[in-house]
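Chain naming here is simple, since letters A, B, ... match the order of the sequence lines and numbering starts at 1 in each.
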Number of protein chains: 2
Amino acid sequence: MLDAFKTQIKLRFAYLQQARIVIAISGGVDSVVLAYLCKGLKLNFALAHCNFNLRGDESNADEDFVLELGEHLDVEVFIQNFDTQAYADEHKRSIQMAARELRYNWFSELAKQLHFAYILTAHHADDNLETFLINFTRGTGLNGLTGIPEINDNVVRPLLKFSREQIEDYAKTNDIEWREDSSNSSRKYLRNKLRHELVPILKEINPQLLDSFQSTLNNLNDTADIVEESLNAVAKRAIVSIGKNGITYKVSEFKKVNNPKAYLFEMFKDYGFTEWKDILNLLDAETGKYVKSHTHRLIKHREFLILTLHNSNTLDAIALSANEVQSGKCETSIGNFFFNEVNVGLKNSKDCIYVDKDKLSFPLELRVWRNGDMFYPLGMKGKKRVSKYLKDEKLSVVEKENTWVLTSEDKIIWVVGLRADNQFKVTGDTKQILKIELS
Amino acid sequence: MLDAFKTQIKLRFAYLQQARIVIAISGGVDSVVLAYLCKGLKLNFALAHCNFNLRGDESNADEDFVLELGEHLDVEVFIQNFDTQAYADEHKRSIQMAARELRYNWFSELAKQLHFAYILTAHHADDNLETFLINFTRGTGLNGLTGIPEINDNVVRPLLKFSREQIEDYAKTNDIEWREDSSNSSRKYLRNKLRHELVPILKEINPQLLDSFQSTLNNLNDTADIVEESLNAVAKRAIVSIGKNGITYKVSEFKKVNNPKAYLFEMFKDYGFTEWKDILNLLDAETGKYVKSHTHRLIKHREFLILTLHNSNTLDAIALSANEVQSGKCETSIGNFFFNEVNVGLKNSKDCIYVDKDKLSFPLELRVWRNGDMFYPLGMKGKKRVSKYLKDEKLSVVEKENTWVLTSEDKIIWVVGLRADNQFKVTGDTKQILKIELS
């Protein structure tokens, strides 16, 4: 196998021969064999081991084993201990997801800080097959069937074309020791079921299963390239703007294609949506209709779809004391407000208004507008509901949600960025003019 | 199940309620239950059964069973007997493929002749899953993973969303009898292995497997729509001409895409090619290089790829006796030749020449040109190899292969459709002028 590995490295990963690399090592047979193979090729590598502290003594014994292996191979070893359970609880992740995030984050950091050009992991062909089958049993799309990538970013998996059998044979033939993971987690249970029950039947049906599977993966990855190119082309035509309020898409572009749902799914699947029929219906929905996921919303606005994060502006109001206004500046998530006393009141603009300071009662308040808010739009007659005003201004749902008001004792001074109120305007009687500016 | 079936028909196949349909029936539980369900809905249907005569008495007992079922349900029954083995031998098909072709051909014919609007088959969700798994074990691409279509042309499969279990339960609950197929063909063996060993494990892992699988299929079919649309767009840009010599594609269009191999594969996979790397290399190959499958060739010609059937013109030469020429007409695969004696020899054109009849020795011969052929091109000085002439005329490989010559005692009279020979031209001494025309 060393020869086959050498060939792989030469033909497909030649750059590893010159680079400083780090091997992600669990202590299991796959990563241990990977370390021996790299040693055999005299690559310049270190070992990095995560102790997730999930299996008590066993976890610590794994750590010790990796330390010894490092000594035996005469390479550097990095160990990191994690409180995986705490991380999972805090970030609401499954233990598996938590371990995965911790692992990849630490490896990236390590690579960055210590200038490792590549991180090697020991995934092999059977891992790939099992992942395919797990995704398949759960229900998936093309993306779940294209396998683990051999390379992404600086993570390289040089064993991906080798089978578990080849790796174990190499370990046995060369008297290489490794650690068995005795854990019985549900993931492990599932993998074992596939490994010991399902895959053997598949291999009985086709002894060349892994080869056939590889060609299936190649074909599916080629198809995925076509899909990606096609999506990019549609996205390029559909996207009107990418801004702080989200990404705006032309509805018409989705209506031009044969199967709009297919494109909508591919385009928005990474944002946690599940209700694809509802999203399809958005194309013909009224302005203001939307579909939401845990993190995002897709909103119909006239002839556009707007993808946006959930509104996080419903925070408490910001109170501005007389002193703060005196200090001249207030930073907020929608920009910096500047307050200056000036001698002459000029014409208001969208982002800059002049008010009669003596009419203000402190503290002022900055907050998102609410249903029920009323104001006297400068230059119009009488009172108007803010909701009605925003609608007449033809703001999108997202823009509406991101509209703030500056108030004084619940009276609106300014619908920020849009219109000042009549009640605070500068008149002939005004003694102190306050210029309020957003930038 | 009858209610669920009723709902399916109402929601998705309402047109079956008004139409004259024919059910493809084997006598197995699936098709028998389909017949009972259709009877329950009072659909207007007949039964059609193929006796493939592959299992002796058992085949005949199946036929009898279907006849009795027809009587019991009070519907018309059509039976067709096939000598499947003979057909398979003659057409070099596997028994499975032969049976499939015979079956679908007969059903189409029956539907056409007797005005059945739809042919119903009893494929169900487990069939679909097994087909997916069979394709997967053999190695496949997206097309092998998108399942059996619910509808194609006039074939409808209204049980495709039902499981085998539902169908068998319905049969048992309603005391419906059916015939078990005891055959042990290799296909049957494979299906049984999947059905009794593999699928149960998958269902243990996910009891909702068929539902998940359905959503996988929906996703993959959506993806297939994207791919198809994308391919059509590339094909539209790439195809220069479709003619009797084949389909001509611009190489440049394949070079514009991110992954040319992916598009080449999808575009040419139905023509039996297997050497995709070679096809990819054609993009940069010299004129004249080609890759062939059993039926087709893809040829590089300048900045084009030409897809063509294998040349079938290497047939024996056609001999033309004096009498045949006298008769005035000769039909060939490249067109009709007309021979007429005329009084005046006009200027030759590509498709029409005038020769001195007395210089001809009968029989003349019509054949594809061969290496070594020489002629004296009319209007040029001296002798030229036909191969050189065709090259200088910048004919593609396909056009060259489809070039014929008309000869007299091995002397070329005419490189058909291109150039006559000096030796047979009309001169002042000519007594009889023969006009030869191709149309």
Side-chain angles (χ1 to χ4, degrees), chain A residues 129 132-145 189-190 193-194 196-206 208-234 256-266 269 276, chain B residues 129 132-145 189-190 193-194 196-206 208-234 256-266 269 276:
Chain A
L129 176 62
F132 180 104
L133 292 170
I134 287 173
N135 289 341
F136 169 69
T137 56
R138 286 177 182 162
T140 187
L142 184 61
N143 278 35
L145 303 177
Y189 166 80
L190 177 56
K193 201 152 186 76
L194 293 173
H196 300 302
E197 298 183 35
L198 199 84
V199 173
I201 301 173
L202 290 171
K203 287 186 177 171
E204 237 180 90
I205 293 170
N206 177 7
Q208 305 304 317
L209 181 74
L210 286 177
D211 292 338
S212 304
F213 176 60
Q214 191 56 54
S215 81
T216 300
L217 285 185
N218 293 344
N219 292 336
L220 293 180
N221 276 292
D222 278 348
T223 303
D225 284 344
I226 295 181
V227 173
E228 194 192 343
E229 188 161 34
S230 177
L231 284 173
N232 286 343
V234 172
K256 277 183 200 160
V257 298
N258 290 343
N259 181 343
K261 186 166 132 286
Y263 288 83
L264 289 167
F265 173 79
E266 292 290 340
K269 70 179 176 338
W276 298 103
Chain B
L129 177 62
F132 180 103
L133 293 170
I134 286 173
N135 290 341
F136 169 68
T137 55
R138 286 178 182 161
T140 186
L142 184 60
N143 277 35
L145 303 177
Y189 166 80
L190 177 55
K193 199 148 187 79
L194 293 173
H196 300 302
E197 298 183 35
L198 199 84
V199 173
I201 302 172
L202 290 171
K203 287 186 177 171
E204 237 180 272
I205 293 171
N206 177 7
Q208 305 304 316
L209 181 75
L210 285 177
D211 292 338
S212 305
F213 177 59
Q214 191 55 53
S215 81
T216 301
L217 285 185
N218 292 345
N219 293 336
L220 294 180
N221 276 292
D222 278 349
T223 303
D225 284 344
I226 296 181
V227 173
E228 194 192 344
E229 188 161 35
S230 177
L231 284 174
N232 286 343
V234 172
K256 277 184 200 159
V257 298
N258 290 342
N259 181 343
K261 185 166 132 284
Y263 289 83
L264 290 167
F265 173 79
E266 291 290 339
K269 69 179 175 341
W276 298 103

Handout entry: Shortest non-hydrogen contact between A:Ser215 and B:Gly139, atoms and distance
Key = OG-CA, 4.4 Å
Exercise for the section: Could you grab the distance from atom CG of B:Asp222 to atom CH2 of A:Trp276, nearest 0.5 Å is fine? Expected result: 10.5 Å
Problem - Contacting region of A:Val234 [heavy-atom separation from chain B under 4.5 Å] - result: neither
Fill in the blank from the handout: Looking only at B:Gln214, B:Lys193, B:Gln208, the option with the highest number of non-hydrogen pairs under 4.5 Å against chain A is B:Lys193
Handout entry: Contact origin within A:Leu129 toward chain B - heavy atom pairs under 4.5 Å
Key = side chain
Fill in the blank from the handout: Among A:Glu197, A:Lys203, A:Glu229, the residue with the most heavy-atom pairs under 4.5 Å to chain B is A:Glu229
Problem - Portion of B:Phe265 that has a non-hydrogen atom of chain A nearer than 4.5 angstrom - result: side chain
Practice task
Quick one: sort the A:Phe132 and B:Phe136 rings into parallel, tilted or perpendicular, breaks at 30° and 60°.
Solution key: parallel
Exercise for the section: Look at A:Asp211, A:Leu202, A:Leu194, A:Asn218 and state which one has the largest set of heavy-atom pairs under 4.5 Å with chain B. Expected result: A:Leu202
Practice task
Please determine which of A:Thr137, A:Thr140, A:Leu142 meets the side chain to side chain contact (heavy atoms under 4.5 Å, CB included) test together with B:Thr216.
Solution key: A:Thr140
Handout entry: Closest non-hydrogen atom pair between A:Arg138 and B:Asn206, with its separation
Key = CA-ND2, 4.3 Å
Fill in the blank from the handout: When the 4.5 angstrom heavy-atom criterion is applied to A:Glu228 and chain B, the contacting part is neither
Handout entry: Note, B:Asn258 side chain near A:Asp225 side chain (heavy atom, < 4.5 Å)
Key = no
Exercise for the section: Name the option with the most non-hydrogen atom pairs under 4.5 Å to chain B; the candidates are A:Asn135, A:Thr223, A:Asn221. Expected result: A:Thr223
Exercise for the section: Provide the closest heavy-atom pair for B:Ile226 versus A:Glu266 in the form atom of the first, atom of the second, distance. Expected result: CD1-CG, 3.8 Å
Problem - A:Leu217, part contacting chain B, at a heavy-atom distance under 4.5 Å - result: neither
Completion exercise
CD of A:Glu204 to CG of B:Leu190, rounded to nearest 0.5 Å, is 11.5 Å
Handout entry: Check: B:Asn143 and A:Asn219 side chains under 4.5 Å, non-hydrogen atoms
Key = no
Handout entry: Min side-chain heavy-atom separation B:Leu133-A:Ile205 under 4.5 Å
Key = no
